[in-house]
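Some notes on the structure that comes next.
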Amino acid sequence: MEIVTSIIPLLACLASLLAVIPIVVFRKSPNLREAATVVAGVAKLSLVLTMLPGILSGKVYEFTFIEIIEGIPLQFRVDGLGMLFALVASSLWILTSFYAVGYMRGLKEHAQTRFYSFFAISLSATLGVAFSANLFTLYVFYEMLSLATFPLVTHNQDKEARSGGRTYLSYLLGTSVGFVLPAMIFCYVKSGSSLSFTELHDWSGVLDPSAALLLLLLFVFGFAKAGIMPFHSWLPNAMVAPTPVSALLHAVAVVKVGVFSVIRVFTGVLGTDFLSTVDVATVVSWAAGATVIISSLIAMTQDNLKRLLAFSTVGQLSYITLGVSLLATQAVQGSMLHIPMHAFGKITLFFCAGAIYVATGKKYISQMRGLGRAMPWTFGAFAIAAMSVIGLPLTGGLLSKMYMIWGAANAQQHALLAVYLVSSVLNGVYFFPIVYRAFLGKPADGEMHDRVKEAPLACVIPLVITATVSVLLFFFPGVFFELTTLMISSKS
Amino acid sequence: MEFIVNNFNYWIYVILMMIGLFAMIAKNNLIKKLVGMTIFQTAIILFYVSIGVKGEGATIPILSYEQVHGTHHVEEADHAGEDDSHHAQADLPEIDARTITNPIPHVLMLTAIVVGVATLGVALAISQRIFHFYGSLDEDVILAKIQKGDG
Amino acid sequence: MVEQFPILIELCPLFGAILIAILGFRMPKLCYPITVLAMALSCAAAIGTFMMMLASPSGTVIYDLSGWGRVNDTAISIEYRVDALSALMLVLISSVAFLNVIYSKVRVAQETPSKIPHFYILYLLLVAGLEGITITNDAFNLYVLVEISSLTGYALIAIGSKRAVISSFNYVIMGTIGASFFLLGVGYLYIKTGTLNMSDIRSIMEAIPDDSKAIKVGFMLIMIGVWVKMAFFPLHGWLPNAYAYAPTATGALMAPLVTKVMIYIMIRMMLSVFGPEYVYETLGWTDVVVTLSTIAIVAGSFFALSRSDLRKMLTYIIVAEVGYMVGGAWLANSQGMTGAIYHLLSDALMTFCLFMVVGIVVSRTGDPKLTAFQGLYRKMPITMVGFTIAALSMIGLPPTCGFFSKWYLLRGGIEAGQYHYVGALLFSSLVNAVLFFRLIEMAYYHGAHAHGEPIRDEDHEQYRMHGADPDSQPKETLANAPWSMLGPMLVVAIGLIALGVFNSTVTEWIGQVVANLNVLEGAN
Amino acid sequence: MAPMKIVALITVIITGGLLLYATGDFPAWGDPLSPANNSALSRHYIEQSRVETAVPNLVTAVLADYRGYDTMFETVVVFVAGLAILAVLGQGTSRERAAIQRSAERYQERDMINIMTARLIVPVLQLFSLYVLAHGHYSPGGGFQGGVMFGASFILIALAGGLPEALSRLSIPGALLLAGLGVLLYGGTGLVCMMLGQNFLDYHILHRLLPATDAVMARYHAMLIVEIGVAFTVTAIMFIIYAALSSRGRMTGGL
């Protein structure tokens, strides 16, 4: 494995952070302000892309700032998994930026400058997490992300937004300070002053199974952004945020940072090899499995579309945690693959929810009967994305789910295999009625959709693109597939 | 017997100090608290001064004229000029440290007394101010007034 | 001149005070410039001393007063001794005091207009006392300086409101008990060793058997003495009212510094006088004290939760933070001690920053209740930025220094296996998160829209951009504070981040002092 | 019994028990060979101070020279106390000061016996206090003792003739100035040593300035100077404390 010292990871991370300056400077001319966002997004994506060929050829990019605490530098290190995540996050940011322009202008939202600024900061934090070379760096950016998204969640500033924001922060900060921080320091003490993902592996003889279990649980529940029950309820509450926030942050950036961190814990901190010797990951598997089923059941009862999507996200996140906790190679790879697959699917669904809201002001599924005929593009995309999330053929979701199921079978975990299958059925049960009613249902009494038109183009185009990508990923999963293979092979 | 003699002073200081401490904590009247404080501080002074005592036969820590200037006439000592320290030392009579009380505790306690007086003065000024505001020096009465929202 | 830096730290405020005593009563206008100048020079001398300490090969600077030096390796007069720990403390004290003078100019003129010279003299002497405590190597001199800082403190608190007077009286009683216990403990050491120089006490004590009752009780007395003075739970009773009702400038100086200096004395006594072997191994009290500090942290946090007065809340947080540091120092490993010392520095800055913010808010809104924060972000954005940074540091989020101090303390707790302490630390972080986010939330959102519903129109955006708020109260009363208040606060807020980012440098300096603890661990 | 008293009693019993427990470890009372009495430090002061400072009163030598830094702060403590009391109680407004002037003129109307006795005692008291101050090198005495007595003479005037009478002789601002000058005299002596290139309070270098024959006598004389400084401060502050406390800060009336 070739290590290249390069400043590109830093630049990629900084691109959005620096964009805050023009955003604030141009606060009085919305066009320039939003142009700055888009330019920063393109710059960010291209910086990430410049590293892609190197990563694919087996290189690893590193950048070290300073040694913050003895033995722990603030360090970036771009490997396959980080690249995968960075690619997803930065490409979707551009689309979301366009979408946000349409959405925010369409609704004449207040405090847009603040919105774009914190959005950009959140992206920097997300990339920081993706590129972190050690647990400490990851933790720093993880906390930064929690704080930077707080103003976005409470954007509406009404009572509901405040209480949502309070839940949001208390869950995320409480778990990270209460669980992750002590667990991290415990690792640091026990490993002899290191937290690097490449150095921490050999725990045999250091940790007994009960300590390993405790540590694992502290990490998995501590990274509450991964949404394992009972630390999931921040996510439905965060749905008070404007839809672009829900879309990018609560379908991609924030929640994926959670599962990304969990994957790092399994692969980089405790190590799958060690965990399979002590046999404690099953506890996590069951917790994740339970979350999958319960969240799907809750999702079925929801009428508010965004809340439904939120519970669906909780379940999908636990797929990933479940997959990686199976410790089987295919399941781990499937988990990693599920990050982009689910991201494209779920962001489309959120875009659609937002587009419906912008066009009609409707939030509830029961109000959407027959709306599909008025908004064919939106609901078409919705159907495709739902298929991807369920894991039906011709969409990317199938691939990752197959891998995870394959891994579960290999790991002889038949009950958990059943969890995957049952939950897929449940996913179908709560998604299909929406699509069905939208296209074929009759509007309720007094509801007329005659004057309803599609949302602004800035909203519709991104969601069509993401839906298309969801399909394309089924046929051309190449890059993502290679990146995950890289991670699996480099480990063993 | 010897045990009692050896420790008697220390016991007295402990008893005095505890009287003071009790008054400081338990008394309601602010001035009584301050009286306790003074007893408390005085007990410590007694303790310190006890450290420096040197049995029978030891005298106050002030040297006699001969001990300082030697047996020679005073002009001669002055006459020795610049480098008289060596010269003078040679002529000085030997001092038996056991015959002179240890000066250090006395020095320390001079300071401690001053500190005590200063604290007492400030405390009295503060209690006058309290009386001015609340019309009482009784802790319970003052607390009741504060709780009534008079604070 | 260079080798005179250590004494100059002390002399600048002292002569500043004398100068004001002579000139200030006739020309009150001179008080402020003299104080600023004296503090600036003192601060410069402290930095100079720090440089001297760094340059010296042994890492310590000895300054001998009265010029007697040592005879037969016994210090016969009072001497100063500066090592990395005291040098850091000196820089901290002098810079906090310097910034606070600038900050408090307006407030002093408002709160105590008829007592300006008194205030500045007492202020300078308080600082001189605190600096002297840090630098002196003589146990009795330490007592005298403790009393100087206490007496000035009593007076500075008592010139405040009606309530301040009664809390000042409590402080007098408790402070005197604390100082007297300390003095008695020094007496016990003196009776066994015959010296007052702290380094000499240590070397003579090596020859005294470990089970000496007098030494043991002496240590206990000194500890109880400083615990009373630092408000270590349950001996904290005097602190909340005293600091909460004191004039702004007094609170902002005393709250960050006085308790910290007392903790410094405790650490100094443990490390330099009794020695870690004695404190941690011979006595075997570490578990008890760490448990006490756990209780202190939890109790302080609970009390803080139940307060609706801003300054009261902060003072109970101080009680909890004292528990952090006592616990850290007693964890009996170098990480815990590093954490305690590092937290000493960072907590002083955090508390300072928060007290400055509260002072600004109270002076502008006239309301000491938590609700005073409603919607303040719009009205006082700069103040709120400082508040946010300090709050993040209190909660312990990177990259502020609060995070790193917690890191070292937690690491020490885990290494020592004191998991209840670790738990208490995390609990208190969460309580701080609740406390401060409640305020941040209020500041950012409450009251911004009086009618509860978001305003969704371009007009609103326009108003916001031009700094006006359509539905707030008239602006005049809430205009931003003068720069003499904001400037120091921002400097400290930046300092909080700088201290965090450069924590490895700071801990390296601290490492020079706690190095002898590592020997201990090696022996185990 | 009130709960507070029980708490106090328990505290006192525990503390007292602890202190009594430790006395068993103390050296015998009056043992000249105890660690404190026989320490190198103590012996050095007893045996060497006559050579090093030429002051027979060991307490004065240690107080004003070896531990002169302590004593400087002791003076500062006194200074702080006076100032603190004024800060807490106030020092009278200008209107009240005018009242002082007026009532001072009614001095003659006060009780004759008191006034005449005070007239007799005050000069003696002041003279004796100067003696105590100046003779501190040879007998018990020095700046604190002399200062307290000098301050007492003003208090006597106030007792006999009323506070305004005393204030007309030593006003509060005047006393504050005196107190400040006292500390300045002490600290300034140290500062002069520094200016001459030595450490703070290292008096021996002062033989260049003082009419002293050598370094030892320079210390001897410098001690007198600092004692005078102490006496200034103590005199002024003692009077201030009395004046403020006896009139609750209004500086009128008196006993």
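Each chain gets a letter, A, B and so on, in the order its sequence line appears, and its residues count up from 1.
- Looking at C:Leu14, only its side chain comes within 4.5 Å of chain D, counting heavy atoms on both sides.
- A 4.5 Å side-chain heavy-atom check between D:Pro27 and C:Ile191 finds at least one atom pair inside the cut-off.
- Looking at C:Gln4, its side chain does come within 3.5 Å of a backbone N or O of D:Gln198 through a donor-acceptor pair.
- Contacts with chain C were tallied for D:Ala87, D:Ala84, D:Gly197; D:Ala87 has the most, counting heavy-atom pairs under 4.5 Å.
- Atoms CG and CG, on C:Leu11 and D:Leu191 in that order, are 6.5 Å from each other to the nearest 0.5 Å.
- Shown here for C:Phe15 and D:Gly188, the closest heavy-atom pair between the two residues is CZ-N, 3.7 Å.
- With hydrogens and angles left out, the side-chain atoms of C:Asn141 and D:Asp70 include a donor and acceptor closer than 3.5 Å.
- Contact check for D:Met194 versus C:Leu8: side-chain heavy atoms found under the 4.5 Å cut-off.
- Nearest heavy-atom pair across D:Phe79 and C:Ala21 is CZ-CB, 3.4 Å.
- Residue C:Tyr143 does not touch chain D at all, counting heavy-atom pairs closer than 4.5 Å.
- Interface remark: C:Leu221 contributes side-chain atoms only to the contact with chain D (heavy atom separation under 4.5 Å).
- Between D:Arg67 and C:Asp138, at least one side-chain nitrogen of the basic residue sits less than 4.0 Å from a carboxylate oxygen of the acidic one, meeting the salt-bridge criterion.
- Neither the backbone nor the side chain of C:Leu23 comes within less than 4.5 Å of any heavy atom in chain D.
- Between C:Lys115 and D:Leu86 there is no side-chain heavy-atom pair separated by less than 4.5 Å.
- Put simply, the side chain of D:Thr15 reaches to within 4.5 Å of the side chain of C:Phe181, judged on heavy atoms.
- Here the shortest heavy-atom pairing between C:Ala155 and D:Val88 reads CA-CG2, 4.3 Å.
- Residues D:Phe200 and C:Tyr63 keep their aromatic ring centres 6.0 Å or farther apart.
- If you tally non-hydrogen atom pairs under 4.5 Å between each of D:Ser39, D:Ala179, D:Ala81 and chain C, the highest count goes to D:Ser39.
- Side chain of D:Asn199 to main chain of C:Leu65: no donor-acceptor pair is present (N/O by atom type, distance under 3.5 Å, no hydrogens or angles).
- Using a 4.5 Å cut-off between heavy atoms, C:Thr193 touches chain D through its backbone atoms (N, CA, C, O) alone.
- Side-chain contact between D:Leu184 and C:Leu19: absent, with no pair of heavy atoms (C-beta onward) separated by less than 4.5 Å.
- Heavy-atom distances place no part of C:Glu79 under 4.5 Å from chain D, backbone and side chain included.
- Side-chain atoms of C:Trp68 and D:Asp202 include no donor-acceptor pair closer than 3.5 Å.
- Closest heavy-atom contact between D:Leu41 and C:Leu196: CD2-N, 4.4 Å.
- The candidate with the highest count of non-hydrogen atom pairs below 4.5 Å against chain C, out of D:Val77, D:Asp65, D:Leu181, is D:Asp65.
- How far OG of D:Ser42 is from CD1 of C:Ile76: 12.5 Å, rounded to the nearest 0.5 Å.
- No hydrogens or angles considered: a donor-acceptor pair under 3.5 Å links the side chains of D:Asp25 and C:Ser212.
- Looking at C:Leu184 and D:Leu19, their side chains come closer than 4.5 Å, going by heavy atoms from C-beta outward.
- C:Leu126 does not touch chain D: none of its heavy atoms, backbone or side chain, sits under 4.5 Å away.
- Rounding to the nearest 0.5 Å gives a distance of 12.5 Å between CD1 of C:Ile20 and CG of D:Leu176.
- Heavy atoms from other residues, nucleotides or ligands lying under 6.0 Å from CZ of D:Phe150 number more than 12.
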Test log, rule side chain to side chain contact (heavy atoms under 4.5 Å, CB included), inputs C:Met220 and D:Leu18: CA-CA 9 Å; C:Met220 213 185 271; D:Leu18 207 65; 3.1 Å; yes
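- Considering all non-hydrogen atoms of both residues, D:Leu83 and C:His118 come closest at O-CD2, 3.9 Å.
- C:Ser66 and D:Tyr66 make their closest contact through OG-O, 4.1 Å (heavy atoms, listed as atom of the first residue, atom of the second, distance).
- In this structure, the portion of C:Ile7 lying under 4.5 Å from any heavy atom of chain D is its side chain and not its backbone.
- Remark: aromatic rings of D:Tyr69 and C:Tyr80 are close, center separation under 6.0 Å.
- Both the backbone and the side chain of C:Lys192 have a heavy atom closer than 4.5 Å to some heavy atom of chain D.
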